[in-house]
There are 4 protein chains.
Amino acid sequence: MGKKEVPSLVKDEKLIQRRREEMVKAAVSLFKENGFHRTTTREIAKASGFSIGTLYEYIRSKEDILYLVCDSIYDGVKLRLQQDINGEDSGIQGVERAISAYFKVMDDMQDEVLVMYQEAKSLSHEALPYVLKKELEMTAIFEELLFKVVKQGELHLSEKEIQAAAHNIVIIGQMWTFRRWALQKIYTLEEYTQLQLQQLLYGIKGA
Amino acid sequence: MGKKEVPSLVKDEKLIQRRREEMVKAAVSLFKENGFHRTTTREIAKASGFSIGTLYEYIRSKEDILYLVCDSIYDGVKLRLQQDINGEDSGIQGVERAISAYFKVMDDMQDEVLVMYQEAKSLSHEALPYVLKKELEMTAIFEELLFKVVKQGELHLSEKEIQAAAHNIVIIGQMWTFRRWALQKIYTLEEYTQLQLQQLLYGIKGA
Amino acid sequence: MGKKEVPSLVKDEKLIQRRREEMVKAAVSLFKENGFHRTTTREIAKASGFSIGTLYEYIRSKEDILYLVCDSIYDGVKLRLQQDINGEDSGIQGVERAISAYFKVMDDMQDEVLVMYQEAKSLSHEALPYVLKKELEMTAIFEELLFKVVKQGELHLSEKEIQAAAHNIVIIGQMWTFRRWALQKIYTLEEYTQLQLQQLLYGIKGA
Amino acid sequence: MGKKEVPSLVKDEKLIQRRREEMVKAAVSLFKENGFHRTTTREIAKASGFSIGTLYEYIRSKEDILYLVCDSIYDGVKLRLQQDINGEDSGIQGVERAISAYFKVMDDMQDEVLVMYQEAKSLSHEALPYVLKKELEMTAIFEELLFKVVKQGELHLSEKEIQAAAHNIVIIGQMWTFRRWALQKIYTLEEYTQLQLQQLLYGIKGA
DNA sequence: CATGAATGAGAATTCATTCAT
DNA sequence: TATGAATGAATTCTCATTCAT
């Protein structure tokens with residue numbers, strides 16, 4: 001489904017998957033600490049528990065690792081989000097629930113979100129679109145949610161308004177991590193969630 | 001006022017300023033294209049119009065350049081913003097005006113904002129605080145604006161609500177640049193401004 | 001035994017030893033010709049028969065090479081000296097024999113001694129003590145030799161006199177190399193040895 | 001008298017002399033601390049109290065400074081030594097006096113001696129001979145002294161023995177500085193002088 | 001499949017020296 | 001004479017990637 005294929009010299013698909021998971025885990029931790037450029041492939045291999053030679057059996061280049069990392073994080077975020085939202089109540093209530101759940105995911109996956117946020121731009125022109133696509137899919141989740149509520153007549157928003165709102169939700173969630181140095185000094189996650197729900201729903205002038 | 005001093009081997013202060021401006025201009029353009037890490041000091045020197053030796057007469061290390069770039073961009077943004085806001089009408093109207101002006105600045109300085117946004121995190125632990133401080137000052141501008149309106153009784157917001165609103169304004173403005181690949185396909189700047197003003201003031205449930 | 005460990009990225013200890021021997025050999029020859037500071041790491045790599053990258057798999061910095069060189073030379077000198085002295089006759093005769101052997105070693109290892117003599121001082125404050133310690137050990141060999149003879153009643157020297165004599169022996173031996181430009185024009189090694197034995201044992205006034 | 005001429009762009013001989021003295025003084029201090037290679041011309045200029053441009057009005061290259069330094073030190077040592085020895089008593093007594101005086105000069109000029117000792121070898125093939133010549137002149141002083149005493153019949157030494165003895169005196173004096181890390185822990189200058197006089201005159205087998 | 005030694009292009013930085021003012 | 005800004009060749013060290021075992 002539109003994923004970029006990263007070739008491997010190894011045939012055993014199961015093994016590829018397992019090794020890559022180890023790699024990604026190690027890499028996230030290292031990227032978080034030192035950033036993509038300051039992390040060496042040797043360090044990643046070592047932290048992954050195998051040799052540099054083996055590392056290159058499962059990827060072609062250092063950039064592949066970054067791609068796998070971003071890919072994996074998006075999948076993780078999306079998976080958790082979909083689990084937390086699923087069927088449940090719809091209407092405005094459902095949107096609020098989704099936002100709260102999303103903020104919770106951002107909080108739980110802070111390190112990953114940060115890495116994705118800061119390093120994705122280092123991807124080559126070839127790989128970047130795949131990641132931006134994921135970012136849009138993320139936004140689309142909230143667009144759809146809002147769209148349903150509009151359809152039910154509970155909200156009155158144009159399509160462009162829906163899009164703007166969805167983008168806002170997404171980055172205000174991410175902001176919790178990439179502005180943690182400011183926000184997490186002022187608010188607890190619960191406070192932040194309450195305040196932002198208020199702002200998102202009612203605005204500054206809000207009732 | 002709390003700026004980090006970057007030492008130079010050259011004594012003539014005027015010259016330092018002039019050369020550094022050339023450097024920063026060249027660097028912004030290169031960083032935008034290839035990012036900080038993929039840009040070499042030689043490229044910066046060349047694009048600045050002087051030799052590598054001369055470059056190092058005005059800075060101590062590559063990181064100094066990044067710091068000067070970030071510093072310069074913040075100053076630029078803030079300067080323009082303050083010019084555009086100045087005395088003028090207060091009240092909610094004033095806030096709206098300020099937000100519009102801010103979005104306009106973001107649009108005009110897209111390249112710079114993008115660079116600052118993506119590369120600032122590469123600053124060392126020593127220099128980073130200076131830049132984060134600037135980011136907070138940016139936010140503080142809107143906090144103060146809102147605070148005045150609250151004082152005048154036109155808005156009813158707690159301090160924490162003011163802070164959240166200010167952060168939202170700032171990053172929704174920045175989002176116009178760092179999500180340009182999505183947003184600028186959907187909206188013109190005017191549309192974006194109108195829609196986001198609506199969202200910020202009245203929220204999803206909006207009037 | 002109190003050696004400074006020089007870390008390597010390579011795991012195979014045997015290989016490390018072999019490669020470092022090649023490196024040291026090449027470095028001695030280059031240092032002798034141009035001195036430590038005028039010799040580049042690339043030259044050392046090339047003369048050693050491997051690439052610059054490989055060189056740095058076996059050392060951390062250029063200074064490590066100098067340390068390895070000094071270390072190796074001292075070990076070489078000491079080893080040869082101990083082989084030449086071993087059990088043999090004791091008494092004054094033994095001392096004379098040892099001095100002659102030592103002078104012979106100095107003569108055989110002129111290049112090495114010269115390098116060690118002239119470049120050791122370029123070692124960092126961290127590494128220098130290890131080399132000075134070796135120099136003292138060298139001196140201690142002669143101190144012990146003299147001490148035994150004193151104990152046997154054949155010589156009458158205080159401890160401080162023993163130390164002075166030992167230092168004199170050591171540097172008069174080294175002088176053969178570092179004043180070669182003067183001495184080796186006047187004397188053959190045999191002459192030098194005879195004359196200096198005379199001076200050392202009986203002094204200027206000597207019988 | 002066989003000195004190497006170092007050209008200058010400046011005409012005023014008095015000025016040249018004065019500036020060069022300042023330069024040499026600054027350089028000795030810096031060389032002692034960091035060695036010739038690790039000292040930059042900028043540092044020397046600064047420590048001398050003039051600009052880098054001015055520095056190069058009085059020398060042609062960095063090496064010229066080293067030559068001037070060595071030259072100046074030798075002249076200084078020789079001057080002091082000749083003052084201390086002059087007419088005075090002759091015979092063995094005179095030799096002893098000269099040695100003591102020489103050791104005292106070495107002690108007083110430790111920094112200079114050390115620099116000369118360790119850095120002279122960095123001189124180019126062109127300049128080195130001039131310095132070695134000075135070293136020989138130093139030795140010649142003691143050769144002459146000894147020669148006179150031999151002539152007077154108070155000592156019985158061949159020419160080669162005289163030369164060896166003179167070399168020994170010179171380097172045992174220098175050793176006081178370049179092995180200070182060992183010797184100056186054990187002896188005071190007076191002790192060292194007494195012990196070495198004893199060794200030099202009567203040898204290990206002593207009186 | 002796994003290993004890790006070897007490679008060398010490339011990057012940041014330094015510093016002796018020059019020359020216009 | 002004095003100054004100090006400009007220069008760029010030279011140097012150390014890094015690190016992604018390969019390939020023989």
Side-chain angles (χ1 to χ4, degrees), chain A residues 8-12 15-16 19 37-46 49-65, chain B residues 8-12 15-16 19 37-46 49-65, chain C residues 8-12 15-16 19 37-46 49-65, chain D residues 8-12 15-16 19 37-46 49-65:
Chain A
S8 163
L9 295 175
V10 175
K11 303 290 164 197
D12 184 338
L15 195 52
I16 294 179
R19 289 273 193 265
H37 284 102
R38 288 197 229 279
T39 301
T40 69
T41 51
R42 270 171 141 124
E43 286 169 335
I44 297 171
K46 191 171 185 189
F50 32 82
S51 72
I52 185 67
T54 302
L55 186 79
Y56 274 86
E57 298 276 314
Y58 295 92
I59 51 153
R60 286 163 313 169
S61 70
K62 191 183 173 189
E63 211 209 280
D64 278 352
I65 304 178
Chain B
S8 164
L9 292 177
V10 172
K11 297 182 174 179
D12 185 336
L15 195 52
I16 294 178
R19 290 273 188 266
H37 285 102
R38 287 197 229 277
T39 301
T40 70
T41 52
R42 294 192 114 85
E43 285 169 336
I44 297 171
K46 193 170 184 187
F50 27 82
S51 71
I52 185 67
T54 300
L55 185 78
Y56 275 90
E57 294 273 301
Y58 293 91
I59 50 150
R60 287 164 311 171
S61 67
K62 191 183 173 188
E63 211 211 278
D64 277 351
I65 305 178
Chain C
S8 164
L9 292 177
V10 173
K11 298 181 174 180
D12 185 335
L15 195 53
I16 293 179
R19 290 274 188 266
H37 284 103
R38 288 198 228 276
T39 301
T40 70
T41 51
R42 294 192 115 85
E43 285 169 336
I44 298 171
K46 194 170 184 186
F50 27 82
S51 71
I52 184 66
T54 300
L55 185 78
Y56 276 91
E57 295 272 300
Y58 293 91
I59 50 150
R60 286 164 311 171
S61 67
K62 191 184 174 188
E63 210 210 278
D64 276 351
I65 303 178
Chain D
S8 164
L9 294 176
V10 175
K11 303 290 164 198
D12 184 338
L15 194 52
I16 294 179
R19 291 274 193 263
H37 284 103
R38 289 196 229 277
T39 300
T40 69
T41 51
R42 270 171 140 124
E43 286 168 335
I44 296 171
K46 191 171 185 189
F50 31 82
S51 71
I52 184 67
T54 302
L55 186 78
Y56 274 87
E57 298 277 314
Y58 295 91
I59 50 152
R60 287 164 311 169
S61 69
K62 190 183 173 188
E63 211 209 279
D64 277 352
I65 303 177

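Numbered from 1 within each chain, the chains take letters A, B, ... in sequence-line order. Atoms considered below: every heavy atom in the structure, side chains included; atoms not considered: hydrogens, waters and symmetry mates.
Using a 4.0 Å heavy-atom distance criterion, D/Leu9 is classed as making no nucleic acid contact.
With hydrogens and angles disregarded, no donor-acceptor distance shorter than 3.5 Å links the side chain of D/Ser8 to the backbone of D/Ile16.
To the nearest 0.5 Å, atom CD1 of residue A/Ile65 and atom OG1 of residue A/Thr41 are 7.0 Å apart. Atom-to-atom distance recorded for C/Ile52:CD1 and C/Glu57:CD is 11.5 Å, nearest 0.5 angstrom.
Residues passing the side-chain hydrogen bond (donor to acceptor under 3.5 Å, both in side chains) test with D/Arg38, sequence neighbours excluded: none. Under the side-chain hydrogen bond (donor to acceptor under 3.5 Å, both in side chains) criterion, C/Ser61 pairs with no residue, sequence neighbours left out. Listed by chain and number, the residues in a side-chain contact (heavy atoms from CB on, under 4.5 Å) with C/Thr54 are C/Phe50, C/Ser51, C/Tyr58 (sequence neighbours excluded).
Note on A/Glu43 versus A/Lys62: no salt bridge recorded, every NZ/NE/NH1/NH2 to OD/OE distance being 4.0 Å or above.
Remark: DNA chain E forms stems of 3 or more consecutive Watson-Crick or G-U wobble pairs, all pair distances under 3.5 Å, at E:2-21 with F:2-21.
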Nucleotide-resolved protein contact map, nucleotides 8-16 of chain E, B/S/- at heavy-atom distance under 4.0 Å = BBBSBBBSB
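Proximity of C/Leu9 to A/Arg42: side-chain heavy atoms (C-beta onward) are separated by under 4.5 Å at one or more points.
Bounding nucleotides for the chain C contact on DNA chain F, 5' to 3', at a heavy-atom distance below 4.0 Å, are F/dT11 to F/dT14.
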